[in-house]
Number of protein chains: 2
Amino acid sequence: MNDETRTNSRKDRRRESEKLILQAAEKVFSEAGFGGATMQLIADVAGLPKANLHYYFPTKEGLYRQVVQKIFLDWLKAADVFDNADGPIEGLGAYIDAKMEISRRHPEGSKVWASEVMHQAPVIQDYLETTLTEWTDGRIAVIERWIEQGLMDPVDPRHLLYMLWATTQHYADFNHQIETLNGGAPLSDAQWEAAKQSVKQIILRGIGATPA
Amino acid sequence: MNDETRTNSRKDRRRESEKLILQAAEKVFSEAGFGGATMQLIADVAGLPKANLHYYFPTKEGLYRQVVQKIFLDWLKAADVFDNADGPIEGLGAYIDAKMEISRRHPEGSKVWASEVMHQAPVIQDYLETTLTEWTDGRIAVIERWIEQGLMDPVDPRHLLYMLWATTQHYADFNHQIETLNGGAPLSDAQWEAAKQSVKQIILRGIGATPA
DNA sequence: CCACAGCCTGACCAACTGGTCAAGATTTTT
DNA sequence: AAAAATCTTGACCAGTTGGTCAGGCTGTGG
């Protein structure tokens with residue numbers, strides 16, 4: 001009767017369960033923080049008994065670590081648009097669009113990351129010191145090249161990056177505040193478009209960006 | 001022998017103890033989040049027995065509520081510079097300076113606020129709907145006037161405000177990440193000055209602000 | 001000097017937490 | 001078909017948490 005799920009090898013089922021748990025965990029951690037989240041609640045959201053959850057992820061900290069790592073990798077990947085760009089208008093414009101889209105579709109991840117960093121990054125400090133540092137240095141070099149080529153004003157690339165991160169992630173981390181100030185309703189398609197346009201307009205004009 | 005503290009009426013002592021506890025609580029809440037913070041740890045930081053803490057603040061939630069309220073009021077007060085300004089360069093410039101200074105001197109408060117909003121503002125939702133909404137509408141009117149007067153480009157005032165909040169508070173909420181990317185050291189005086197200048201430069205130029 | 005109201009605190013408790021485990025169910029391999 | 005490996009779960013435990021409370025302490029007004 002029930003053969004809707006065909007190719008179910010033990011490995012497949014395991015992967016599905018782990019993904020289910022990770023999704024539930026991301027949601028619960030983003031809503032309650034690490035300290036406020038409970039394994040019982042994560043299990044309930046995932047629709048599994050708590051003991052089963054511990055079978056796949058022995059400790060709460062280990063589960064949390066995997067959630068944060070996944071978020072960080074997704075976020076890094078989305079930043080590739082930066083590389084294949086000829087100038088700031090194209091590159092930064094696409095970067096802003098990409099990060100705003102993530103903030104709209106997956107605000108939970110951004111919140112977990114923000115929470116982790118705010119609490120002194122007890123779990124992903126090594127990522128900050130290695131991967132993130134390297135990534136940042138690379139993009140700073142790109143921006144400096146654009147400045148040398150006269151494609152934008154001389155601006156401290158580091159603070160420009162912080163501004164991009166802060167602004168785009170704000171729409172995820174503070175979505176509740178933004179919704180409240182929007183009369184309690186989520187931003188509409190048109191409002192999201194206006195937000196993207198506003199951010200791009202102010203920043204690109206702010207750095208005096210010109211077409212490549 | 002010990003008469004350094006002279007006028008110690010019971011009311012004065014009470015006020016001092018409450019302030020001491022509130023400061024300790026703000027620190028602990030900012031470091032561990034509401035769920036991760038414990039009354040025992042707050043008591044230790046304040047140097048008081050836990051039972052004494054419960055004498056002044058019967059419940060953890062009540063203590064947390066007062067911490068968040070105090071932060072919100074301080075933050076609102078610091079925004080007065082907005083009002084007495086003739087144009088965007090003066091007004092927004094002073095606002096950015098003020099908020100950057102708060103981020104530098106009191107990052108804990110900003111973190112507690114961010115945490116509260118990220119978790120759907122369970123405690124200060126009414127403030128968002130009343131005080132913050134009114135404040136925001138008022139500043140939007142000011143910005144719209146500046147636009148009408150031709151002192152700046154037509155920009156969506158709401159998204160401009162979000163950008164200001166996001167960027168300035170980022171230096172508090174993500175100070176750990178910023179420090180790590182700064183080689184593990186806090187920003188120096190000169191670096192803070194550069195940060196302020198960069199933010200003001202990009203935003204003020206981004207909105208095409210001209211002197212009043 | 002006393003009495004009284006407010007302040008302080010060690011000891012205690014019920015509720016909840018992350019984590020364990022043994023016994024069974026299920027699937028894969030032989 | 002039977003043994004081996006993997007998965008599932010209810011019951012359980014030790015540690016921690018927010019919160020209580022009785023009894024002692026302290027300063028103040030009479």
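Proteins get letters first, then strands, A, B, ... in listed order; numbering begins at 1 in each.
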J.: So, Thr167(B) side chain and Leu164(B) main chain: donor-acceptor pair closer than 3.5 Å or not?
T.: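 No; zero donor-acceptor contacts below 3.5 Å.
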J.: Give a yes or no on whether a salt bridge exists between Asp44(B) and Lys50(B), defined as a side-chain N under 4.0 angstrom from a carboxylate O.
T.: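 Salt bridge between Asp44(B) and Lys50(B), a charged N being under 4.0 Å from a carboxylate O: no.
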J.: Have a look at Ala37(B) and say if it touches a base, only the backbone sugar-phosphate, or nothing, with a 4.0 Å heavy-atom cut-off.
T.: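 If one applies the 4.0 Å heavy-atom cut-off, Ala37(B) turns out to touch the sugar-phosphate alone, with no base involved.
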J.: Between Leu41(A) (CG) and dC16(C) (P), how many Å, whole number?
T.: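 Leu41(A) atom CG is separated from dC16(C) atom P by 14 Å.
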J.: Which residues satisfy the ring pair (Phe, Tyr, Trp, His ring centres under 6.0 Å) test with Tyr127(A), sequence neighbours excluded?
T.: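 Scan of Tyr127(A) (ring pair (Phe, Tyr, Trp, His ring centres under 6.0 Å), adjacent residues dropped) gives Phe72(A).
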J.: Ignoring hydrogens and angles, answer whether the base of dG18(D) and the side-chain atoms of Lys50(B) contain a donor-acceptor pair closer than 3.5 Å.
T.: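 Under the 3.5 Å cut-off, the side chain and the base do form a donor-acceptor pair.
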J.: Between atom CD1 in Ile42(B) and atom C1' in dG19(D), what is the gap in whole Å?
T.: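 Between C1' of dG19(D) and CD1 of Ile42(B): 14 Å.
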J.: With side chain to side chain donor-acceptor pair (under 3.5 Å) as the test, would you mind laying out the steps for Gln169(A) and His170(B) before giving the verdict?
T.: CA-CA 10 Å; Gln169(A) 287 167 210; His170(B) 181 83; 5.6 Å; no
J.: How do Leu53(A) and Thr38(B) order along DNA chain D: which one's closest nucleotide is nearer the 5' end?
T.: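 First, find each residue's nearest nucleotide; the 5'-ward one identifies Leu53(A).
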J.: I'd like to know if Lys196(A) and Glu101(A) make a salt bridge, using a cut-off of under 4.0 Å between side-chain N and carboxylate O.
T.: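 Here Lys196(A) pairs with Glu101(A) in a salt bridge, since their nearest N and O are under 4.0 Å apart.
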J.: Within the 4.0 Å limit for protein heavy atoms, which parts of nucleotides 3-8 of chain D are touched? Write it as a string from 5' to 3', B for base, S for sugar-phosphate only, - for none.
T.: ---SBB
J.: Are side-chain heavy atoms of Lys111(A) and Asn175(A) found at a separation under 4.5 Å?
T.: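 Side-chain contact under 4.5 Å: yes.
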J.: Nearest whole Å is fine: how far is dT17(C) P from Gln40(B) CD?
T.: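 Interatomic distance, CD of Gln40(B) to P of dT17(C): 19 Å.
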J.: Using whole Å, report how far CD of Glu61(A) lies from P of dG19(C).
T.: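 My rounded result for the distance is 8 Å.
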J.: When the nearest nucleotide of DNA chain C is assigned to Ala51(A) and to Met39(A) on a heavy-atom basis, which residue is associated with the more 5' position?
T.: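 Looking at the nearest nucleotide for each, Met39(A) comes out on the 5' side.
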